[in-house]
Amino acid sequence: MKTDTIVLGAGIVGTSVAHHLAQRGRSVVLVDRRGPGEETSYGNAGLVERASIYPVAFPRKISALVEVALGRNPGANYHWDALLRLAPWMFAYWRASAPARLLDYARHMEKLLAFTVDEHDRLARAAGATHFFRDGGWLKLYRTAAGLDVERSEFPLAHSYGLSAREISVDEALAMEPSLRPVFNGAVIWSDPHSVSSPGGVTQAYAAHFAELGGQVRKGDALSLARLGSGWAVMTDEGSVEAPEVVVALGPWSMDLLRPFGVKLPLQVKRGYHMHYHAEGGASLSRPVLDEEGGYVITPMVGGIRLTTGVEFARRDAPKTPVQLDKTEVLARGLFPLGARAEPEPWMGSRPAFPDMLPVIGPAPGQNGMWLAIGHQHLGFTLGPITGRLLAEMMNGEVPCTDPAPFSADRFG
Ligand SMILES: Cc1cc2nc3c(=O)[nH]c(=O)nc-3n(C[C@H](O)[C@H](O)[C@H](O)COP(=O)(O)OP(=O)(O)OC[C@H]3O[C@@H](n4cnc5c(N)ncnc54)[C@H](O)[C@@H]3O)c2cc1C
């Protein structure tokens, strides 16, 4: 069959792109080897992180690096065999984490973040998915004065962007979340972020609405993509699909497709784990809670209390090593009455990330008719809908809602 656009990858990013293109009257086929929202977009912490103007940066202090190297930071883990291969990417990440570069990141990222809550809201209303969403912000807890000081240092820039970050007492935090135990010494409530009870459910609802708009969701292997004249063809379970334009939104698998086409981009992954728990004794949470020094988030989801871990540097397909989950679970049990694990196996996923932590949204270098929506790192669930809007505007020749230049693949030369 012939269509206007093929979108490869039905995570939150590809689904949002497909949706925005279909809304503009294009015929679109969304291709994935699984169902929509079953991979990274399923397993995340479900935060619409409107307020994350600073990235998760590479540690700049030697003492912090030593903690990671010695396995004393529960927020980070690494595989020795991956470090050598990752060294150039890590060095670029370290450089991009210099204080001045973090300000550049914030300036660029704020251009997207400013849209995130409204774009999700618009899509959720259209898709009948508002029941997954809640406000109430994001509660961050600090065990040490030094940790709280770092957080405080972010307030001036956050306030200059009109964001609400407020330091609160331990008692105030306990009044907000009565099931928490006072194992922390300080807290900050960020009011602007929203969160969801099922990021996979949200992605599926957006995909279902895309289908209502006339879009098609098909199973297929994106790696079958081939040039066909000046356009593209991909094989799906229901036969070949041909289109003049293709969008690559394969998340952590994007380079598997792009490399053979000669598109060289420094995309790597930051792995992470999650586990669901039953809450004991009628305990409950009403919003995501970050234990900063503990290196984990706990958040209420449809499947129970979800604990998500920090970053693991490893080959994407290396076997799971959920040591962070084991470490953080002990800390989380001190903070909240977690009951038994609800699943036999931890979930693992990979955050697709460029060293400067900005996504690529725009044309693929050297490939006419190919567009990219990749590298959304820790913020892909947040950024999916605005990425979809921005890319659809670029592809349609509309005036973009924000300057797409900082997100161009050309920045890598
Ligand atoms: C532990 C953890 C916590 C996180 N918490 C948050 C959070 O709170 N908020 C936030 O904004 N972000 C969070 N993130 C990041 C976020 O989950 C990702 O950035 C986002 O899901 C990436 O979406 P995507 O659509 O690019 O990729 P994916 O959701 O991975 O989608 C890619 C799709 O491509 C498909 N695919 C791959 N290869 C092929 C192929 N050969 N053929 C066909 N299909 C293929 C896959 O099946 C998949 O459906 C978290 C990530 C992790 C790991």
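Bear in mind the structure is a predicted one, so any value in this text is a computation, not a measurement. Order of listing sets the numbers, starting from 1, for every ligand and every atom in it. Worth knowing before you read on, the calculation uses all heavy atoms, side chains too, and leaves out hydrogens, waters and symmetry mates.
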* To do: Report the residues that fulfil side chain to side chain contact (heavy atoms under 4.5 Å, CB included) with Pro404, sequence neighbours left out, ordered by chain and then residue number.
  => Leu390, Met394, Pro400
* **Cation over ring face, Arg411 and Phe354, 6.0 Å, 45°** => yes
* To do: Using distance alone, decide if ligand 1 has a nitrogen or oxygen within less than 3.5 Å of any nitrogen or oxygen in Lys270.
  => no
* **Thr5-Arg26 side chain donor-acceptor pair, cut-off 3.5 Å** => yes
* Under 3.5 Å between some N or O of ligand 1 and some N or O of Ala45? -> yes
* Asked: Where does the angle between the aromatic ring planes of Trp94 and Phe91 fall among parallel (under 30°), tilted (30 to 60°) and perpendicular (over 60°)?
  -> parallel
* Asked: What residue and atom, counting heavy atoms only, is the protein's closest point to atom 36 (N) of ligand 1, and at what distance?
  -> Leu250 CD2, 3.6 Å
* Mark yes or no: Arg306 above the aromatic ring of Tyr42, with NZ or CZ under 6.0 Å from the six-membered ring centre and no more than 45 degrees from the axis. => yes
* Going by the atom numbers of ligand 1, which of them fall below 4.0 Å from some non-hydrogen atom of Gly9? -> 33 (C), 34 (O)
* Asked: Hey, is ligand 1 close enough to Asp221 that some N/O pair sits below 3.5 Å?
  -> yes
* To do: Under 4.0 Å, heavy atoms only, figure out whether ligand 1 is touched by the backbone of His378, its side chain, both or neither.
  => backbone
* Any atoms of ligand 1 less than 4.0 Å from a non-hydrogen atom of Gly46? List them with their elements. => 7 (C), 8 (O)
* Side chain of Gln216, backbone of Val29: donor and acceptor closer than 3.5 Å? -> no
* **Audit row: Tyr296, Glu329, side-chain hydrogen bond (donor to acceptor under 3.5 Å, both in side chains) steps and yes/no** => CA-CA 9 Å; Tyr296 65 91; Glu329 183 181 299; over 6 Å; no
* **Heavy atom of the protein closest to atom 15 (C) of ligand 1 (residue, atom name, distance)** => Gln377 O, 3.1 Å
* Asked: Nearest to atom 31 (O) of ligand 1, what protein heavy atom do you find, and at what distance?
  -> Gly11 CA, 3.4 Å
* **Shortest heavy-atom approach to atom 11 (O) of ligand 1 - which of Leu223, Leu257, Thr116, Thr382** => Thr382
* Asked: Purely on distance, is any nitrogen or oxygen of Asn44 under 3.5 Å from one on ligand 1?
  -> yes
* Asked: For atom 25 (O) of ligand 1, what's the nearest protein heavy atom and its distance?
  -> Val13 N, 3.1 Å
* side chain to side chain donor-acceptor pair (under 3.5 Å) partners of residues 223-234, not counting sequence neighbours, each pair once -> Arg227-Gln367
* Would you say Val31 has any N or O atom under 3.5 Å from an N or O of ligand 1, going by distance alone? -> no
* Structure fact -> Heavy-atom proximity to atom 46 (C) of ligand 1 ranks first, among Val196, Asp32, Leu225, for Asp32
* Could you tell me whether Phe381 and ligand 1 have an N or O pair separated by under 3.5 Å? => yes
* Chi angles and distances behind the side-chain hydrogen bond (donor to acceptor under 3.5 Å, both in side chains) call for Glu312, Thr321 -> CA-CA 9 Å; Glu312 181 176 69; Thr321 49; 2.6 Å; yes
* Residue Glu39 vicinity, atoms of ligand 1 by number, heavy atom under 4.0 Å -> 30 (O), 46 (C), 47 (O), 48 (C), 49 (O)
* Asked: Just checking, is any N or O donor in the side chain of Thr116 or Thr382 under 3.5 Å from an acceptor N or O on the other one?
  -> no
* To do: Check Pro36 against ligand 1 and report side chain, backbone, both or neither, counting heavy atoms closer than 4.0 Å.
  => neither
* To do: Measure the distance from atom 53 (C) of ligand 1 to every protein heavy atom, then report the residue, atom name and distance (to 0.1 Å) of the closest one.
  => Arg351 CG, 3.6 Å
* Asked: Would one find an N or O of Gly272, backbone or side chain, under 3.5 Å from an N or O of ligand 1?
  -> no
* To do: May I ask you to check if Arg50 and Trp138 form a cation-pi contact, with NZ or CZ under 6.0 angstrom from the six-membered ring centre and within 45° of the axis?
  => no
* Asked: Hey, are Glu151 and Tyr142 close enough side-chain-wise for a donor-acceptor pair under 3.5 Å?
  -> yes
* Which atoms from ligand 1 have a heavy atom of Pro252 less than 4.0 Å away? -> 30 (O)
* Indicate yes or no: does an N/O atom of Arg33 lie under 3.5 Å from an N/O atom of ligand 1? => yes
* From CA spacing to verdict: side-chain hydrogen bond (donor to acceptor under 3.5 Å, both in side chains), Thr3, Ser27 -> CA-CA 6 Å; Thr3 189; Ser27 66; 3.0 Å; yes
* Under 3.5 Å, is there a donor-acceptor pair linking the side chains of Arg134 and Ser195? -> yes
* To do: May I ask you to identify, for Trp253, whether its side chain, its backbone, both or neither come under 4.0 Å of ligand 1 on a heavy-atom basis?
  => side chain
* Asked: Is Glu49 touching ligand 1 with its side chain, its backbone, both, or neither, if touching means heavy atoms under 4.0 Å apart?
  -> side chain
* Quick check: does any side chain N or O of Arg271 sit under 3.5 Å from a backbone N or O of Ala318, one acting as donor and the other as acceptor? -> yes
* In a check of ring-ring contact (aromatic ring centres under 6.0 Å, His included) between Phe381 and each of His120, His376, His194, which one passes? -> His120
* To do: For Ile12, take its heavy atoms, then give the atoms of ligand 1 lying under 4.0 Å from any of them.
  => 23 (O), 25 (O)
* To do: Pick, from Ser195, Gly220, Ala222, the option with the minimum heavy-atom distance to atom 40 (C) of ligand 1.
  => Ala222
* Structure fact -> In ligand 1, the atoms that come under 4.0 Å of a heavy atom of Leu379 are 10 (C), 11 (O), 12 (N)
* To do: Going by heavy-atom distance to atom 23 (O) of ligand 1, choose the closest among Ser224, Ser41, Gly251, Gly380.
  => Ser41
